[in-house]
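Values below: all heavy atoms of this structure, side chains included; hydrogens, waters and symmetry mates excluded.
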Amino acid sequence: MEKYRLISKNPSDVTKIEWYIQRKKFWGWRKIHVIENNRSKELTFGSMGEAEYYMYKHYFKDGWVHQPTLNEYWYERRTYGGF
């Protein structure tokens, strides 16, 4: 089971709240980065809805999503055949 959560970063300017997607790893929560042209950059979104849409589109394609809290998502992949 994979675990994800949405975190907001509140800068001093309230109109520029940024949202991040974090993935739970063995050693704790880590922000998701995208690698383009051998450079890594953080994924940031302007609203919680945009971040949630990106998560569903790119990480939750084929399986079940459970949302135990408002900003945390547990994803379980669907298995075909077998137990």
Solution key, residues 38-55 side-chain donor-acceptor pairs under 3.5 Å, sequence neighbours excluded:
unit_1	atom_1	unit_2	atom_2	d
Ser47	OG	Glu50	N	3.2
Glu50	OE1	Gly46	N	3.2
Glu52	OE2	Tyr73	OH	2.6

Is there a side-chain contact between Arg77 and Glu2 in this structure, where contact means two heavy atoms from C-beta onward sitting under 4.5 Å apart? yes
Mind checking whether Tyr4 and Ile32 have side chains closer than 4.5 Å, heavy atoms only? yes
For Trp27, which fellow cluster members are found when Ile, Leu, Val, Met, Phe, Trp and Tyr are connected by side-chain heavy-atom distances below 4.5 angstrom, either directly or through intermediates? Phe26
Asn71 side chain vs Arg5 backbone, donor-acceptor pair below 3.5 Å: no
Among residues at least two apart in sequence or on other chains, which ones pass side-chain hydrogen bond (donor to acceptor under 3.5 Å, both in side chains) with Trp74? Glu72
Can you measure from OH (Tyr20) to CG (Leu6) and round to the nearest 0.5 angstrom? 13.0 Å
Interatomic distance, Trp64 atom CH2 to Met1 atom CE [nearest 0.5 angstrom]: 11.5 Å
Residue pair Arg23, Arg30: steps toward the side-chain contact (heavy atoms from CB on, under 4.5 Å) verdict: CA-CA 5 Å; Arg23 181 182 296 145; Arg30 299 288 182 225; 5.8 Å; no
For a quick test of reading the model, state the closest non-hydrogen atom pair linking Trp29 to Gln22 and the distance between them. CB-OE1, 3.6 Å
Please answer: with hydrophobic residues joined when any side-chain heavy atoms are less than 4.5 Å apart, are Ile7 and Ile21 in the same cluster? no
